[in-house]
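A quick write-up on the structure given underneath.
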Number of protein chains: 2
Amino acid sequence: MPVAQVRDVAARAGVSPATVSNALNHPTKVSPATLARIQAAIDELGYIRNDAARQLRAGTNRAIGMIVLDIANPFFTDVARGVEDVLLGQQRPLIMGNSSQEEHREANYLDLFEQQRMDGVLITPTGDVLDRLRRLRDRGTSVVLVDRMTRATEFSSVSIDDATGGRIATEHLLETGRRRIAFIGGPAGLAQVANRLSAARAAAEAHGSGEIIYTETDAMNAEAGRTGVDRLLDLPPSQRPDAVFAANDLVALGVLQALTLRGVRVPDDIAIVGYDDIDFASSAAIPLTSVRQPAHQMGSTAATMLVDVIADPAASTVRHITLMPELVVRRSSQSS
Amino acid sequence: MPVAQVRDVAARAGVSPATVSNALNHPTKVSPATLARIQAAIDELGYIRNDAARQLRAGTNRAIGMIVLDIANPFFTDVARGVEDVLLGQQRPLIMGNSSQEEHREANYLDLFEQQRMDGVLITPTGDVLDRLRRLRDRGTSVVLVDRMTRATEFSSVSIDDATGGRIATEHLLETGRRRIAFIGGPAGLAQVANRLSAARAAAEAHGSGEIIYTETDAMNAEAGRTGVDRLLDLPPSQRPDAVFAANDLVALGVLQALTLRGVRVPDDIAIVGYDDIDFASSAAIPLTSVRQPAHQMGSTAATMLVDVIADPAASTVRHITLMPELVVRRSSQSS
DNA sequence: GGGTCGTATTAAAACGATTCAAATCGAGAC
DNA sequence: GTCTCGATTTGAATCGTTTTAATACGACCC
């Protein structure tokens with residue numbers, strides 16, 4: 001007897017396998033006395049339920065799959081923590097995959113989730129996966145989109161309002177006396193970048209005397225921030241910006257570094273505002289002002305929506321929740 | 001017919017279910033012609049194999065489970081990437097759990113892995129899990145420890161030599177003229193901290209005129225670095241250090257920030273060396289000198305060992321691999 | 001004492017794939 | 001034309017659990 005099974009437990013407790021199963025899954029149907037006897041048998045034999053068999057018969061896998069865009073970005077690990085916190089309370093395992101923005105990795109995880117017949121999937125899509133998601137849904141797996149609304153709004157989603165973020169960051173810079181604001185980030189095609197940028201432009205226009213200079217980058221990391229700064233400092237002095245609005249904190253950290261190394265004083269000469277408010281923003285040499293995204297809350301909200309839909313798919317209405325960012329002011333944008 | 005099954009595929013291709021199974025799992029046993037016919041049927045029907053059933057009958061789950069200590073620490077996400085890269089090539093799904101150094105989370109994931117009858121588990125243990133791991137092993141799940149050797153050396157492991165790391169960092173500081181070196185990190189009970197610290201002391205002793213001042217912290221984050229600095233700067237000027245060796249980069253970033261805000265010049269007044277060489281180290285306002293740990297390599301090595309053991313458990317000898325760190329010199333420790 | 005009803009228990013079927021031993025097929029040898 | 005052998009294919013059993021419908025058991029009432 002290498003590994004104890006239900007029938008072994010049943011034999012030991014002097015009951016039938018069906019009763020053991022009931023004890024495990026519907027304890028109220030079993031009398032307290034037998035329940036205790038079964039529990040004792042389980043402990044003595046060290047019985048661990050075979051989940052594959054359970055899943056096959058029950059037709060449902062309690063696990064939730066999640067595909068994150070970039071596990072190296074603290075923003076997404078925050079989101080994941082929010083999801084984890086909700087699911088742990090629900091006794092549902094979370095299976096996390098990292099797409100690294102690569103379509104084949106994303107497809108790999110979708111295959112896995114499909115084969116495992118997951119109850120639900122949370123995804124920040126990177127490739128064109130609408131068809132895959134529809135297939136999942138048709139197979140009975142609920143889907144909630146995180147931080148990305150698709151044009152087709154057929155799936156519920158939770159996202160954070162980028163326009164508001166772009167606006168409050170810009171207004172803050174304008175109110176503290178800055179006028180020429182460089183927006184660094186890209187590629188311009190990314191929805192997040194486009195939304196933040198156009199909101200920044202609108203805010204500058206509304207203000208009257210503000211101006212946005214867009215410096216496009218091909219990625220959103222520290223390196224992009226550094227090259228962005230190089231390009232800005234090549235401008236004739238009269239055209240140099242007095243503030244930088246970085247599309248995320250990684251870029252902002254790169255900007256801060258490049259400016260520091262070149263002897264430009266932050267915030268005296270140039271102010272910086274980042275985006276995401278990752279932990280490293282407040283720990284930078286000059287603590288960064290940043291647009292805080294409620295990442296953890298986005299994760300927990302998405303997980304809650306998903307669990308609700310699974311619990312009662314019939315009552316499921318597609319919902320789109322948009323959370324609001326807020327500005328956290330720190331040293332890097334203090335008025336000079 | 002809600003979802004296609006093997007028998008549907010078989011019917012469509014005009015073969016028996018057994019042949020379909022063979023086509024999927026032992027393609028060499030099936031003639032090319034039928035193989036093509038079956039593949040066509042699969043595509044037409046959109047068949048996706050039910051993994052629960054497969055696993056139940058085959059008695060094995062191809063997936064590998066991994067429990068990381070702290071997903072918010074870039075060091076561990078690097079390790080995870082190394083693991084992922086190997087497993088993806090092996091067509092094995094990776095199921096990642098984050099213990100956040102909390103025993104109950106760790107236990108939760110171990111439960112999951114045990115119920116799922118995983119082929120293998122990679123773990124950086126936080127609690128006292130030896131018994132659990134033994135049980136897993138007895139149930140047929142192979143185990144490899146990552147970055148933590150237990151006293152009981154019964155499980156294979158991959159780790160990185162902390163003594164070497166502590167030594168090379170200290171020697172570098174001494175060689176560039178520093179004499180009073182503050183070591184910041186903790187709690188002192190952590191094996192990593194203890195090993196790095198004692199190696200630093202040994203190096204100082206060997207050099208003759210060096211001195212290590214240990215400042216213990218209760219965690220390893222930026223906040224700890226800041227409070228560490230506060231304590232050091234309270235010392236009378238004659239006792240102030242001229243260098244800081246931080247137990248990891250998060251602490252080092254906190255140190256850099258606190259020094260900058262207080263007007264202490266880095267590296268002129270105080271040099272800094274960190275540990276881990278996370279991406280943020282090179283992106284700091286003053287790029288950080290750091291002890292680079294081959295995190296990615298550790299992950300890929302561990303995954304390779306695990307896959308080998310699973311492939312041939314009989315030939316499995318317990319092995320302990322120790323990788324060497326190297327020093328990456330940057331601005332923060334440039335000689336003044 | 002017979003009948004009714006609710007609770008606790010159980011026997012047997014079912015979930016959907018893989019495996020094993022046995023059957024079938026075809027080509028080449030004689 | 002028959003026989004042999006290796007390559008393909010297949011029927012039936014099986015993996016370990018949950019579920020369903022039926023049974024057993026008392027307690028309570030008349």
Side-chain angles (χ1 to χ4, degrees), chain A residues 1-39 41-42 45-63 111-112 114-119 139-140, chain B residues 1-39 41-42 45-63 111-112 114-119 139-140:
Chain A
M1 185 180 57
V3 176
Q5 309 188 5
V6 175
R7 66 161 153 279
D8 303 317
V9 174
R12 177 130 193 163
V15 298
S16 78
T19 303
V20 175
S21 174
N22 278 332
L24 254 34
N25 303 295
H26 310 283
T28 58
K29 286 174 157 343
V30 177
S31 78
T34 27
L35 208 52
R37 211 138 29 87
I38 291 174
Q39 186 55 53
I42 288 179
L45 294 165
Y47 168 73
I48 303 264
R49 167 240 255 71
N50 182 326
D51 220 45
R54 195 208 120 264
Q55 204 186 127
L56 172 59
R57 175 60 240 221
T60 161
N61 182 346
R62 289 190 54 74
D111 285 347
L112 173 65
E114 219 167 333
Q115 291 179 178
Q116 303 261 44
R117 308 288 195 266
M118 296 283 187
D119 268 3
R139 279 197 155 73
Chain B
M1 187 181 56
V3 175
Q5 309 189 7
V6 173
R7 64 161 156 277
D8 303 317
V9 174
R12 177 132 193 158
V15 298
S16 78
T19 303
V20 175
S21 174
N22 278 333
L24 254 34
N25 302 295
H26 311 282
T28 59
K29 286 175 154 347
V30 177
S31 78
T34 24
L35 209 51
R37 210 140 28 87
I38 290 174
Q39 186 56 54
I42 288 179
L45 293 159
Y47 168 73
I48 303 264
R49 124 144 56 17
N50 183 325
D51 220 45
R54 195 209 120 261
Q55 204 186 127
L56 172 59
R57 175 63 239 225
T60 160
N61 182 349
R62 289 190 55 74
D111 285 346
L112 174 64
E114 216 166 335
Q115 291 178 182
Q116 304 260 47
R117 308 289 195 266
M118 295 282 184
D119 268 3
R139 278 200 155 71

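- Within the 4.5 Å cutoff, the side chain of B:Gln115 has no heavy atoms near those of the A:Gln55 side chain.
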message: I need a per-nucleotide contact map over nucleotides 5-12 of chain D, read 5' to 3'. Cutoff is protein heavy atoms under 4.0 Å; write B for the base, S for backbone only, - otherwise.
response: ---SBBB-

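- Within the 4.5 Å cutoff, no side-chain heavy atoms of A:Arg7 are placed close to those of A:Val20.
- Pairing each heavy atom of B:Ser16 with each of B:Ala10, the nearest pair is C-CB, 3.6 Å.
- Taking the side chain as every heavy atom from C-beta outward, A:Arg37 and A:Thr19 never approach each other to under 4.5 Å.
- Under 4.0 angstrom from either OP1 or OP2 of C:dT19 there lies at least one side-chain N or O belonging to B:His26.
- Within the 4.5 Å cutoff, no side-chain heavy atoms of B:Val3 are placed close to those of B:Gln5.
- Going from atom CZ of B:Arg7 over to atom C1' of D:dA13 covers 16 Å, rounded to whole Å.
- OP1 and OP2 of C:dG16 both lie 4.0 Å or more from every side-chain N or O belonging to B:Tyr47.
- In this structure, B:Val6 and B:Leu24 have side chains that are not in contact, with every pair of non-hydrogen atoms separated by 4.5 Å or more.
- Contact check of residues 48-59 of chain B against DNA chain D (heavy atom, cut-off under 4.0 Å) returns B:Leu56, B:Arg57.
- A:Arg117 places its CZ atom 21 Å from the P atom of D:dT17, with the value rounded to the nearest Å.
- In this structure, A:Asn61 contributes its side chain and A:Gln116 its backbone to a donor-acceptor pair below 3.5 Å.
- Separating the CD atom of A:Gln5 from the C1' atom of D:dT18 is a distance of 14 Å, rounded to the nearest angstrom.
- Annotation: side chain to side chain donor-acceptor pair (under 3.5 Å) contacts of B:Asp119 (sequence neighbours excluded): B:Thr60, B:Arg92.
- In this structure, CG of B:Asn25 is placed 12 Å from P of C:dC20, rounded to the nearest angstrom.
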